[in-house]
Amino acid sequence: MTKISGTALQEHLETLLEVTAFPPPAAFAQSALWKDPDVYAEADADPQAWWDRHARDLHWHHPWDTVLDWSDKPFAKWFVGGKINAAYNCVDRHVEAGRGDRVAFYWRGEEGEEQTLTYSWLHAQVQRAANALVDLGVRPGDVVGIYLPMIPEVVVAMLACARIGAPHNVVFGGFSVESVRERLEESHAKVLITADGARRRGKVHQIKQEIDTVTSSLPDLEHVLVVRRTSVNCPMAAGRDVDWDDALAAANPLAPIQAFDAEHPLFILYTSGSTAKPKGILHTTGGYLVGVAHTTKYIFDLRPETDVFWCSADVGWVTGHSYIVYGPLLNGATSVMYEGAPDYPHRAIWWETVERYKVSIFYTAPTAVRACMSWGAEEPNKHDLSSLRLLGSVGEPINPKAWLWYREVIGGGNCPIIDTWWQTETGQIMIAPVPGITAAKPGCAMRPLPGIKADVVDPDGNPITEGQGLLVLRRPWPGMLRTLYNEPERFVRTYWSRFGPDTYLVGDAARIDADGDIWILGRTDDVINVSGHRLSTAEVESAIVSHPKVAESAVVAQHDEITGQAIVAFVTPVEGTETEGMDHELRDHVAEMIGKLARPKRIIWTYDLPKTRSGKIMRRLLRDIAAGRDLGDVTTLRDPAVMDQLRKLIAERGDSED
Ligand code: PRX
């Protein structure tokens, strides 16, 4: 497609909206790794044989006896008896095969700094960092917290943990230190790896200084390793805090490989659930590695020799774990890693970066696509994006318009668009078009991958052949979570109780169309998806009510053009509180308790919340109010006057919106 923008582009996209499905571009399909639709039938005929075969792409120090032990369901064991080391597979074996000079990452900093990290560099760094952790007393099974910006050290830190069998617990850099504290406490982390400061949009945030305000209440935390990212001075507690560079310099440069059981924990990653307490998703080694290595290769059609892969997520989310760190490195790929925001230092930085490193596979979230769309096609049009050959999307439903814009403006009409559905819990991509096979419908995640079985079911668990229902997964898969850290009962209750221990309840609603293709509609639990980031309403409510001037709060989601959903908070102040001007204070408070990403977009003050006679908050009504919908029948309310007050409030005063 020639580069167009403005009205011509709008008209072009309007005509494409008529197209129901886009087959893979012919040139792509011809040379794709998978082009034979029989892969689906082959995997379905014997899923265990399928995974057995794909697991052989990795290096195992000892082979497995059994592919899957499902006898204690829903607690799965994959590749039973197998022994493996994640870091060896990500780094050492590529170096040993003579590919040490291959670039693992082109790293780009916010200020335009660049670093080219080869596999040999990673090999040396990971060994030293692994030994530095051992020197600090870390042993297999000990949890190491990681709270770092998007800098090369975050990858080194994760792989160093994996090398010595210490599960990492990465906390997204956008979370507040209070969230870090909670996650470190819950996981009993022994060491925390953090930085002196982080750069965010040209400003330096003093991370270490902030972290120090919460670490004293963590009895299990023995050491803090501090990476110097900025030149800010940070306090270093004698005996506890250790400089990363000093520790690596002092460490033995050689760290022999230890093979761990396939079911040895690889990492914990906290995610939001339907209560205020985050869930510690536990992933183990062998199965997870098989799941992510396999999907990175076949779903992105990855050719490590020639492709440059860029997943724009943050390593602090599962997308970063699976498709910045483990998946690409297991395949010996070359990736791009960018420290900054998509619009910093300017709105064409992503496209400048694609052109600079000749990125061929790009993976991002619909929110980012919609933001870029709102900035106009002129920015990407300034750059040569012809190196791109596949585009991926993840984290939230992508609306057809954004899908088409992505395809036409970024992909030049030549790239398959791979809308990938999965979760922190699934570890690996589960539903997506196969790029060389599947004709993709704009906005549709399409079909479960070969070997994966998903259904859309009615409230009784019966499969629906066409229509809307609950998304479930029917068959264990290698990258599946094994449990919730220290909460096995919650694991069973949350995912495996509603329809029995053979059916994993996803928590998403979906529609299955007449062709059997799956459209993800959104969460069915009290989870809000803002910009592809999962937040629990209960967690946000609990942060809001911890403010001394707040009596009660209910949080709901509202549709947002850019971020997909936005947080709306209904708040009842403590009696006698003047709420004028309180919005900022409350938003800052939420940022402090959880992180800026959880700040409500709208705050609606009310003297009471609509409740049933038994005292249950009627969220449906709140959602309707937030969306400005007709409220219908409110006779079951304890105090219908509340609704009048809310309606009046919104009409008279408006409510605040950032
Ligand atoms: O609601 C689905 C949505 O994101 C949830 C998982 O969030 P998280 O664990 O943070 O992982 C996000 C990245 C894998 C899902 O339950 N979601 C994820 N991918 C899609 C999606 N919704 C629609 N389409 C997708 N492709």
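When a ligand or atom number is given, it counts from 1 through the structure's own listing order. Computed from a predicted structure; not experimentally measured. Atoms considered below: every heavy atom in the structure, side chains included; atoms not considered: hydrogens, waters and symmetry mates.
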Problem - The single option from Thr284, Val492, Leu282 passing side-chain contact (heavy atoms from CB on, under 4.5 Å) against Thr483 - result: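 Checked Thr284, Val492, Leu282 against Thr483; only one passes side-chain contact (heavy atoms from CB on, under 4.5 Å): Leu282.
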Checking a contact table here: which protein heavy atom is nearest [atom], and how many Å away?
atom	result
atom 1 (O) of ligand 1	Asp508 OD1, 2.8 Å
atom 13 (C) of ligand 1	Thr319 OG1, 3.4 Å
atom 18 (C) of ligand 1	Trp422 O, 3.3 Å
atom 10 (O) of ligand 1	Arg534 CD, 3.5 Å

Exercise for the section: Indicate, as side chain, backbone, both or neither, the part of Thr424 found under 4.0 angstrom from ligand 1 when only non-hydrogen atoms are considered. Expected result: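 Under 4.0 Å from ligand 1, Thr424 contributes backbone and side-chain atoms.
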Problem - For ligand 1, the portion of Val506 having any non-hydrogen atom under 4.0 Å away - result: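 It is neither; nothing of Val506 touches ligand 1.
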With heavy atoms of [X] as the reference, note each atom of ligand 1 found under 4.0 Å away.
X	result
Pro397	22 (N), 23 (C), 24 (N)
Asn529	3 (C), 4 (O)
Val394	13 (C), 14 (C)

Practice task
Answer yes or no: does atom CD of Glu561 have more than 12 heavy-atom neighbours from other residues, nucleotides or ligands under 6.0 Å?
Solution key: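 It does not: Glu561 CD has 12 such atoms or fewer within range.
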Handout entry: Test: Asp513 and Lys441 ion pair at under 4.0 Å
Key =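 Result for this pair is yes, salt bridge flagged.
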Problem - Proximity flag Gly395 to ligand 1, non-hydrogen atoms under 4.0 Å - result: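 Within the 4.0 Å threshold, so yes.
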Problem - Test item, Ala445 contacting ligand 1 (heavy atom, 4.0 angstrom) - result: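 In this structure, Ala445 fails to qualify as a contact of ligand 1 - no heavy atom is under 4.0 Å.
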Exercise for the section: Please work out which of the three classes, parallel, tilted or perpendicular, describes the rings of Phe172 and Phe175, given edges at 30° and 60°. Expected result: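 Judged by the thresholds at 30° and 60°, the geometry between Phe175 and Phe172 is perpendicular.
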Practice task
Consider every N or O of Arg523 and every N or O of ligand 1, then say whether any pair is closer than 3.5 Å.
Solution key: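 Yes; at least one N/O pair falls below 3.5 Å.
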Handout entry: Thr420 N/O under 3.5 Å from ligand 1 N/O
Key =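 Checking ligand 1 against Thr420, an N or O pair does fall under 3.5 Å apart.
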Exercise for the section: Would you verify whether the NZ or CZ of Arg474 falls within 45 degrees of the ring axis of Tyr504 while also being under 6.0 Å from that six-membered ring's centre? Expected result: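 The answer is no, since Arg474 fails at least one limit relative to Tyr504.
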Exercise for the section: Establish, yes or no, whether the cationic atom of Arg482 lies under 6.0 Å from the six-membered ring centre of Phe75 and within 45° of the ring axis. Expected result: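 No, Arg482 does not lie over the aromatic ring of Phe75.
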Problem - Step-by-step side-chain contact (heavy atoms from CB on, under 4.5 Å) determination, Tyr495 to Leu484 - result: CA-CA 10 Å; Tyr495 305 106; Leu484 293 179; 4.2 Å; yes
Practice task
For Arg599 and Ile567, indicate whether the former's side chain and the latter's backbone hold a donor-acceptor pair under 3.5 Å.
Solution key: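 Checked: no pair found.
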Practice task
Decide whether Asp301 and Trp34 meet the rule of one side-chain donor and one side-chain acceptor closer than 3.5 Å.
Solution key: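 No - no donor-acceptor pair under 3.5 Å links their side chains.
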